[in-house]
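Computation of the quantities below employed the complete heavy-atom set of this structure, encompassing side-chain atoms and omitting hydrogens, waters and symmetry-equivalent molecules.
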2 protein chains.
Amino acid sequence: MYMDTLLDLPQLRTFFTLAQSGSFTACAHRLHRTQSAVSHAMAKLEDLAGVPLLDRKSRELGLTEEGRRLYLACEQVFATLDAAAEDLKRHQTLARGRLRVGATVEFGSSILMKHMQPFLAANPELEIDFTLSQDLLSPLLRDDLDLIIDCQDHPLPTLKKASLFREIYVVACAPAFRKTHRLRVPADLSRGPVLSLDKAGAWWNRFLMAVPDHEQPQLDRIIAVNHIRAMIHAAVEGMGALLVPRYSVLGELERRDLVALFPAIRPTEDRFSIYQKKVKANHEKQKLLTRYLQSLSPAEFGS
Amino acid sequence: MYMDTLLDLPQLRTFFTLAQSGSFTACAHRLHRTQSAVSHAMAKLEDLAGVPLLDRKSRELGLTEEGRRLYLACEQVFATLDAAAEDLKRHQTLARGRLRVGATVEFGSSILMKHMQPFLAANPELEIDFTLSQDLLSPLLRDDLDLIIDCQDHPLPTLKKASLFREIYVVACAPAFRKTHRLRVPADLSRGPVLSLDKAGAWWNRFLMAVPDHEQPQLDRIIAVNHIRAMIHAAVEGMGALLVPRYSVLGELERRDLVALFPAIRPTEDRFSIYQKKVKANHEKQKLLTRYLQSLSPAEFGS
DNA sequence: CATATACATGAATGATATTCATGCATGGCG
DNA sequence: CGCCATGCATGAATATCATTCATGTATATG
């Protein structure tokens, strides 16, 4: 209903990236969106522009004359904009003092630690301590922690919640294990041992609930390992299939120590959020860290 | 690794306008937003930037050092962007052929006609005919019209709907009339004649429903006039108070031939939309007109 | 002081972008 | 050829974000 500019930034950014990527799908990956989102965005942009901007006929996707001109404008605009953003970042007031951060054990050790160095380097005056634990809420409320990263929901009115990323679960196993047990559909899991945090196998419910009835496996042979990292090592050694948050095995998947099974099955996702006491959330150091964490792309978290 | 841009266009546009306007409220008016919206947007922008951009302490609202730098970047960016938009507009494929447009009588005669000239001038090859009528749907379905602008809802699957603006109703009368009848609250309307499209006064229900119980007027003296334009002339002459869509009396309010009454009471709004047959909505000429109408600011429609 | 002006804020709402689940076309390839 | 893979489009459902509404707080002004 309001149409200040004909041009809309998210769409232009998409267009700009698309022109560099050569295909909708590639562009979508770069922007951590789906191909569909890119398609919608471009349709809208072209509709707004009133002229075709993309030339879809040939194999390689090209720009029309108008598209090329718009692309040049984008170069200008984004150069300026990015420079301005850089400039702002440089001039952010540096944080100082002490900040006590809590996180879940697996997330903290595998992901958080990997990404804190640049932040620490940028804020040498800031002293950060980390506490990895299952129970994060009570230390936060007790003021033993200033900021926690948790996948449990804490809907308290005194807490400020900022959502961070979605924790996606995967079923995975060693490549050799998949071969010997001929794992093709979820039902095949009945054939071999599975690793579980608990002996009863409740750990796997999250997965089972997402499996259609006729493909339900019988998980009879359960190997209990009460520690995720240990479970992962066990899986790499071919001891069984496991169910874990994707972020915890990013490296193993990359190196093909593990392979993901049944990508079509999507267990319910948990959402990781940052929680802070509202009264302290305005402190520069807390805002700074929050911003930093949120600026990490979802890909870093395996989403 | 870092999210798109830290900078977001609608916010930057607001910031840019704000810097030129000198106050939140003034900026809000320019952008046809509320002061609150501007405030929210700036809060978010500053939060993203990580540094204060606005200096609110002194009487005149100023920019901080970082704000000034960002403002310079904005100048650049919006200059480029607006130029690109202009360029695109120039290169839009010109429409040609014939386009039959339908609209409600009052809207068509008072507003639509006022704004079509630039469009016609930009598309000399296009022949447009206008039909103002109460019944727009059937001619559209019969293909006697290509595009209609209507405040009735037509939720048909074969039609494409594009919303245009909200029709806001006002109660108004001649300044002298207000004085002689001492109209201060809705109940005072009992004192003098009111103009209505129908003798029964059902026309006023839209207003009465928005009035709290204890202020309900008794509309006993009703002057029926079955034509809005005539009703307006009657009101200007001091014959009574009337209830009309704001857009129909924009001129009279401006010249103070009429004054708006009870701004606190807000009758239900109707939404004007553009309807076209889906199969024909892709025709260049129809898209062009749709875009043009949507690009008119809400202020043009009295919203 | 009382009032007016200017901005802030939280909750509710409304609008928009994104995804999901498809469909349709084109280009290898057995 | 028919078959599958790939790349883009599309409509409905959903998630995300902006805007408004209804207030609150602060400061200046007569």
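A:Phe24 is linked by a ring pair (Phe, Tyr, Trp, His ring centres under 6.0 Å) to nothing, counting only residues two or more places apart in sequence or in another chain. In this structure, the side-chain hydrogen bond (donor to acceptor under 3.5 Å, both in side chains) partners of B:Thr80, at least two apart in sequence or on a different chain, are A:Gln76. Legend: residues meeting side-chain hydrogen bond (donor to acceptor under 3.5 Å, both in side chains) with B:Gln35, ordered by chain and number and at least two apart, are absent. Residues that satisfy the side-chain hydrogen bond (donor to acceptor under 3.5 Å, both in side chains) test with A:Asp153, not counting sequence neighbours, are A:Lys161, A:Tyr275. Every residue two or more places apart in sequence or in another chain that forms a ring pair (Phe, Tyr, Trp, His ring centres under 6.0 Å) with B:Phe16 is listed here: B:Tyr71, B:Phe78.
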Taking N or O atoms only and anything under 3.5 Å, show me the protein contacts with nucleotides 11-14 of chain D, one pair per line.
| from | atom 1 | to | atom 2 | distance (Å) |
| --- | --- | --- | --- | --- |
| D:dG11 | O6 | A:His40 | NE2 | 3.0 |

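Neither OP1 nor OP2 of D:dG7 sits under 4.0 Å from any side-chain N or O of A:Ser23. For the pair A:Gln11 and C:dT16, the criterion of a side-chain N or O lying under 4.0 Å from OP1 or OP2 is not met. Remark: A:Thr25 is not in phosphate contact with D:dT6, judged by side-chain N or O atoms under 4.0 Å from OP1 or OP2.
Taking the charged nitrogens against the carboxylate oxygens, A:Arg206 and A:Asp270 do have a contact shorter than 4.0 Å, which makes a salt bridge.
Taking 3.5 Å as the limit, the base of C:dA6 and the side chain of B:Gln35 contain no donor-acceptor pair of atoms between them.
Of all nucleotides listed (D:dT19, C:dA8, C:dG14), C:dG14 comes nearest to the side chain of B:Arg271. Among C:dC7, D:dA18, D:dC8, the nucleotide with an atom closest to any side-chain atom of B:Lys44 is D:dA18.
In this entry the distance linking NE2 of B:His29 with C1' of C:dA6 reads 13 Å, nearest Å.
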